Amino acid sequence: MLDPKRIRNELIQVAEQLKTRGFTLDVAQIEALETQRKEWQVKAQDLQALRNSRSKEIGKAKAQGQDVAPLLAEIENLKSELEQAELKATQVQGQLEEVLAGVPNTPHESVPVGKSEEDNVEIRRWGTPPSFDFAVKDHVDLAEARGWYDNDAAVRITSSRFSVLKGPLARLQRALIQFMLDQHAAAGYQEVYVPFMVNQDSLRGTGQLPKFEADLYKISKNSEHDTQDRDLYLIPTAEVPVTNLYREQIVDESELPIQLVAHTPCFRSEAGSYGRDTRGLIRQHQFEKVELVQLVQPENSYAALEALTAQAELILQKLALPYRVMALCTGDMGFSSAKTYDLEVWLPGQQAYREISSCSNFEDFQARRLLARFRIGNAKPQLLHTLNGSGLAVGRTLVAILENYQNADGVITVPEALRPYLGGAESL
RNA sequence: GGAGACGUGGCCGAGAGGCUGAAGGCACACCCCUGCUAAGGGUGCAUAGGGUUUGUAGCUCUAUCGAGGGUUCGAAUCCCUCCGUCUCCGCCA
């Protein structure tokens, strides 16, 4: 979430910035709530202070054996007044927080202004799309022809948008995961293994809740006696558990930058995407992803974004997959992001570049909710900047390899970098 | 899953309705002293939020002793619910 102080002091400027991403900040509403907040909070705190001092006097009087009845009578009325002020204060605070929780991050000044995908800006291209002297197939046709992909079985076992991979394709996926983790570890990212289910606080921390509940799979865990909501959610990305490793933590400056990598399955309900990418492995409810996460000092976060993006690119380069880097425009960026680069890989089956990684700098937007902080010496803790990026989406990498490395006879050439992970096999 | 014990600041550990935001110790920071890397003395040392303010300075207020609720003029201390940790039993990979 945004800094409430900034919203208070620079409301108009913030509203302007948010406008570029197509978000209208209800300035009047916030001003009204803010006025009320101040009024009730001050009143409640004043009454609390009064109660505290009176209570202390009673304590002292009692200790000295004096009659406390007059003092008690004096604060008799205070109680209901205080209760009302406290109630009002928490109500207004709650409303204000609800509004603020729905406000997206403000874009970095370097982000191109635009309305949609169309306005994203290509930063660079790497590699050349391969040319084929035969009719190319898409990954579904390629995989089905070899008996590696069974959509019907997945539907029977679970439902649509799940998949069953068999034999060499399943093994290729495992090889890719291993390969990616090894590459990132070699670059200094610490590998972590994390839970695939998370609680609501974690999702709030990274910004998936409260706004995007519909995209998540929920596991009911509440019992009837629970006073708090204990439902768990399947992670939509490793970003959630990994970044939350530092929720409510204060790390020493010497531990920075923190660079982590995790492989997890990801679960997305894909609500609202009916009819899009229904064929094959592009858009699934469950998919494998290797995720890079960094927590850094604020002044380093934009350099870290470049480095993290380059690290994700490295995988594509080692696999010799053609791609381009897109700077997302203000209108296309995710809720929590201040700046995002998408990596788009060339898919011959679609004759198009498709997203395979998304690398974002969230600045302190997530850290504020998370209370993820660092400290220099004995100074006051400061909010970290958080970043993450896919390195890469494994399912889509699988698609890219099948399609880019296909041969006329349906055999798939194994990218050289991957051969050590497949017992030296040159083709599948 | 059953039985019991316990959750206090970066750590250890007092406190058992008021004078406790919290003794004492360790760690840490700064200063003093000390003729070697050791010891001693002093000071400081939680987090968040609000008000005031040009101010992330100062002053001041509020909240926080696992979490939430309750009793009370007043709760770290009493009651309830939940979560977690430990020990024993059961079960299991």
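Every chain is numbered from 1, with letters handed out A, B, ... down the list of sequences. Bear in mind the structure is a predicted one, so any value in this text is a computation, not a measurement. Side chains are part of it too, since the values below use all heavy atoms of this structure and drop only hydrogens, waters and symmetry mates.
Classification of A:Glu270 and A:Arg161 as a salt-bridged pair fails, no side-chain N sitting under 4.0 Å from a carboxylate O. Between A:Lys60 and A:Glu57 there is no salt bridge, since no side-chain N of the basic residue sits under 4.0 Å from a carboxylate O of the acidic one.
One finds a side-chain N or O of A:Arg37 lying less than 4.0 angstrom from the OP1 or OP2 phosphate oxygen of B:G51. Side-chain nitrogen and oxygen atoms of A:Lys5 include none within less than 4.0 Å of the OP1 or OP2 phosphate oxygen of B:G55. Remark: A:Arg373 is in phosphate contact with B:A48, judged by side-chain N or O atoms under 4.0 Å from OP1 or OP2.
The separation of B:G17 from B:U71, taken at their C1' atoms, amounts to 11 Å, rounded to a whole angstrom. A distance of about 48 Å separates the P atoms of B:G41 and B:G4, rounded to the whole Å. Of the P atoms belonging to B:G70 and B:A76, the separation is 15 Å, rounded to the nearest Å. A gap of 6 Å separates the C1' atoms of B:A23 and B:A14, to the nearest Å.
Residue pairs meeting the ring-ring contact (aromatic ring centres under 6.0 Å, His included) criterion with at least one member in residues 176-211 of chain A, sequence neighbours excluded: A:Phe179-A:Tyr421, A:Tyr193-A:Phe196. Listed by first and then second residue, the ring-ring contact (aromatic ring centres under 6.0 Å, His included) pairs involving residues 357-405 of chain A are A:Phe335-A:Phe365 (not counting sequence neighbours). Residue pairs meeting the ring-ring contact (aromatic ring centres under 6.0 Å, His included) criterion with at least one member in residues 35-88 of chain A: none, sequence neighbours excluded.
In this structure A:Asp3 satisfies the salt bridge (charged side-chain N to carboxylate O under 4.0 Å, His left out) test with no other residue, sequence neighbours excluded. Under the salt bridge (charged side-chain N to carboxylate O under 4.0 Å, His left out) criterion, A:Lys19 pairs with no residue, sequence neighbours left out.
In a base pair of the Watson-Crick type (N1 to N3 plus N6-O4 or O6-N4) or a G-U wobble (N1-O2 and O6-N3), with each distance short of 3.5 Å, B:A29 is matched with B:U43. Look at B:A48: its Watson-Crick or wobble partner, with both distances under 3.5 angstrom, is B:U62.
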Please tabulate, one pair per line, each protein N/O and nucleotide N/O from nucleotides 28-31 of chain B that are separated by under 3.5 Å, including the distance.
| unit_1 | atom_1 | unit_2 | atom_2 | d |
| --- | --- | --- | --- | --- |
| B:A29 | O4' | A:Asn378 | ND2 | 3.1 |

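Taking atom CG of residue A:Leu96 and atom P of nucleotide B:G50, one finds them 11 Å apart after rounding to whole Å.
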For residues 27-34 of chain A, run the donor-acceptor check on the side chains, cut-off 3.5 Å, and write out each pair with its distance to 0.1 Å, sequence neighbours left out.
| unit_1 | atom_1 | unit_2 | atom_2 | d |
| --- | --- | --- | --- | --- |
| A:Glu34 | OE1 | A:Arg37 | NH1 | 3.4 |
| A:Glu34 | OE2 | A:Arg8 | NE | 3.3 |
| A:Glu34 | OE2 | A:Arg37 | NH1 | 2.0 |

Show the atom names and distances, to 0.1 Å, of all donor-acceptor pairs under 3.5 Å that link a side chain in residues 138-146 of chain A to residues at least two apart or in another chain.
| unit_1 | atom_1 | unit_2 | atom_2 | d |
| --- | --- | --- | --- | --- |
| A:Asp138 | OD1 | A:Val140 | N | 3.1 |
| A:Asp138 | OD1 | A:Asp141 | N | 3.0 |
| A:Asp138 | OD1 | A:Arg279 | NH2 | 3.1 |
| A:Asp138 | OD2 | A:Arg279 | NE | 2.8 |
| A:Asp138 | OD2 | A:Arg279 | NH2 | 3.3 |
| A:His139 | ND1 | A:Glu403 | OE2 | 3.1 |
| A:His139 | NE2 | A:Leu281 | N | 2.9 |
| A:Asp141 | OD1 | A:Arg279 | NH2 | 2.7 |
| A:Asp141 | OD2 | A:Arg279 | NH2 | 3.4 |
| A:Arg146 | NH1 | A:Gly410 | O | 3.1 |
| A:Arg146 | NH1 | A:Leu428 | O | 3.1 |

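Looking at A:Lys56, its side chain has no donor and acceptor atom pair within 3.5 Å of the base of B:G18.
Using a 4.0 Å heavy-atom criterion, one finds that A:Arg368 contacts no nucleic acid atom at all. Using a 4.0 Å heavy-atom criterion, one finds that A:Pro381 contacts the sugar-phosphate atoms exclusively. When heavy atoms are screened at a 4.0 angstrom cut-off, A:Lys79 is found touching the sugar-phosphate backbone but no base atom.
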Counting primed atoms, P, OP1 and OP2 as sugar-phosphate and everything else as base, the B/S/- map of nucleotides 60-65 of chain B against protein heavy atoms under 4.0 Å is -BSS--
